[in-house]
Amino acid sequence: MQHIEHTCLDNGLIIGGEQRTGVQTIALHLAVPAGIATNDNDGESAVLAELIQRGAFGLSALEHQHALERLGVRKHVSCGKEFLFVSAVMLASKFDEAFPLIYSIINSPRLPEADLGACKSLCLQSLDALKDDPASLASIELNKRHYAPPFNRTGYGERASIEGATIQRLKEVKAERFLPNGSILALAGNFHFDDITKKVSHAVSDWVGQVEPVAAHGSPERGYGFIQQQSSQVHIAIAADAPNITDENTLHEAIAMTAFGGASSGRLFTQVRQERSLCYSVAARYAPSKDRSLIKIHAGTTPERAQETIDVCLEELYKLKEGITQDEFNRTTLRMKSRLIMSGESTSARANAVWSDFHALGRGRTLQERLEQIDAVKLGDVNDWLRNRSFGQMSAVSIGPEQNNLDDTLLNDA
């Protein structure tokens, strides 16, 4: 049995929880509005995500980690565009002891200046490692072109900002952005919502303050970008705007894009890889969000086949507007429902989904509700959406030895 409840504490913290019987764990996803796009310098949050793990709750980094390990807690800290996340999963019986330790990473990190150099070094190593991961680099460069500032920043940060980060500035960012009003705590697992709310409310009773949301400024660059890299491979990434998660056509887009490029039976894989043998990998996905949704196509190929790979990918994308078949619809909806059901086996996956829903929709959706939403869609609904679908001004990036022919005309479906 599953159901989702939520509340907003007096300090503005939103708590959303999916109670699940038959499991022995609790997973949580705590998001504070301190992502890479929220600061003047786009490396500060990346460094801060490392530094807040260097001790908290009056404990050193090693003592804090050992305290979590003794309770069997697995935790992870990451930095996104708008939010900085602390995620954890634990036995339900250990939540009372574990939550204050997890919350302290946000509320009372030690931020030791002696560890600042090491944190910067880790961030720079991650940044430098992108040179050896051209697929990820293509995706990052694509985001830089497609989104308007500051949402075109990468969670890795920029070198100059990372190197210039000071302990004083990082403490200011923590004081300005690690605040409850605008933060969301999502939970999934074996608990009683009223009980867990009381425990959380007591733990965060001294946490106060609110932040202003970040707005985009300027216009996105869009169009085609090329990064020269002497290699026997070419990595291609293409992006187009898509319906936001609150749009009535969100599910229509999800079904269409899954049929297009979401599996080895999809059109992209069939036409680009199987039929023409143009690339060793190709896929497309729909990434719905609250404000900046998009579709992405990725392909890995050789320099000799790069141009044809691009041409066929765009050809198939535009052809998608003619609609999908009943067989594609049936296979896709069954695959989507299977993935949903399988994700329900993980409390961590469900906590993440609850957070995403509360951020975008202001409420949570159970697995059953989402399955029913898929069942309610008909093939005609999807094809009606596709018939009038415009991909607008798209963006593309290729990484390889030679530039490809991909001008604005090919990338404009206005």
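If you read the sequence from its start, that first residue is 1, and numbering goes on from there.
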Does the pair E316 and R267 meet the rule for a salt bridge (Lys or Arg N to Asp or Glu O under 4.0 Å), with working shown?
CA-CA 7 Å; E316 291 299 322; R267 291 188 183 185; 5.1 Å; no
L406 and L314: side-chain contact (heavy atoms from CB on, under 4.5 Å), yes or no, with the steps?
CA-CA 10 Å; L406 197 50; L314 289 174; 3.6 Å; yes
Are any of the side-chain heavy atoms of [X] and [Y] separated by less than 4.5 Å?
| X | Y | value |
| --- | --- | --- |
| L367 | I341 | no |
| C313 | V282 | yes |
| L68 | I102 | yes |
| L320 | M257 | yes |
| S289 | H359 | no |
| N352 | S87 | no |
| V397 | L137 | no |
| H146 | R292 | no |

From [X] atom [atom1] to [Y] atom [atom2], the distance as rounded to the nearest 0.5 Å:
| X | Y | atom1 | atom2 | value |
| --- | --- | --- | --- | --- |
| L124 | C119 | CG | SG | 11.0 Å |
| R54 | L111 | CZ | CG | 11.5 Å |
| E253 | E248 | CD | CD | 13.0 Å |
| K321 | R389 | NZ | CZ | 8.5 Å |
| F95 | M90 | CZ | CE | 6.0 Å |
| S293 | Y286 | OG | OH | 4.5 Å |

Would you name the heavy atoms of [X] and [Y] that are closest together and state the gap between them?
| X | Y | answer |
| --- | --- | --- |
| K174 | L48 | N-CD2, 4.1 Å |
| Y224 | N404 | OH-N, 3.0 Å |
| P180 | G209 | CD-O, 3.3 Å |
| F57 | H64 | CB-CD2, 4.2 Å |
| T301 | Y280 | N-CE2, 3.7 Å |
| S398 | V234 | CB-CG1, 4.5 Å |

Test side-chain contact (heavy atoms from CB on, under 4.5 Å) on L101 and V73; report intermediate values, then the result.
CA-CA 10 Å; L101 287 166; V73 177; over 6 Å; no
Looking at [Y] and [X], is there a salt bridge between them, counting it only when a charged N and a carboxylate O are closer than 4.0 Å?
| X | Y | result |
| --- | --- | --- |
| R222 | D241 | yes |
| R177 | E44 | no |
| D375 | K337 | yes |
| R331 | D327 | yes |
| K198 | D195 | no |
| R110 | D115 | no |
| E158 | K144 | yes |

Closer than 3.5 angstrom, by distance alone: can the side chain of [X] be matched with the main-chain N or O of [Y] as a donor-acceptor pair?
| X | Y | value |
| --- | --- | --- |
| N181 | G12 | no |
| N383 | I324 | yes |
| S126 | L122 | yes |
| K120 | E163 | yes |
| E97 | K94 | no |
| E50 | A46 | no |
| T333 | N330 | yes |
| S121 | G117 | no |
| N190 | Q24 | no |
| S395 | L142 | no |

Give the intermediate values and the outcome of side-chain contact (heavy atoms from CB on, under 4.5 Å) for residues L340 and I374.
CA-CA 11 Å; L340 270 176; I374 295 174; 3.7 Å; yes
Would you indicate whether R363, at its atom CZ, is surrounded by more than 12 heavy atoms from other residues, nucleotides or ligands within a distance under 6.0 Å?
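Result for CZ/R363: enclosed.
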Whether over 12 other heavy atoms sit under 6.0 Å from E212 CD
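Result for CD/E212: open.
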For Q19 and H192, test the side chains for any donor-to-acceptor distance below 3.5 angstrom and give the result as yes or no.
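H192 and Q19 do not have a side-chain donor-acceptor pair below 3.5 Å.
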Residues T7 and T197: side-chain donor-acceptor under 3.5 angstrom:
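The criterion, which ignores hydrogens and geometry beyond distance, is not satisfied for T197 and T7.
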Return the orientation label for the Y103 and F99 ring planes: parallel under 30°, perpendicular over 60°, tilted otherwise.
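Plane angle under 30°, so parallel.
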Can you list the steps and then say if E176 with V211 is a side-chain contact (heavy atoms from CB on, under 4.5 Å)?
CA-CA 7 Å; E176 294 167 359; V211 296; over 6 Å; no
So among V377, T250, D381, L379, which one has a side chain to side chain contact (heavy atoms under 4.5 Å, CB included) with I255?
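Only match with I255 under side chain to side chain contact (heavy atoms under 4.5 Å, CB included): V377.
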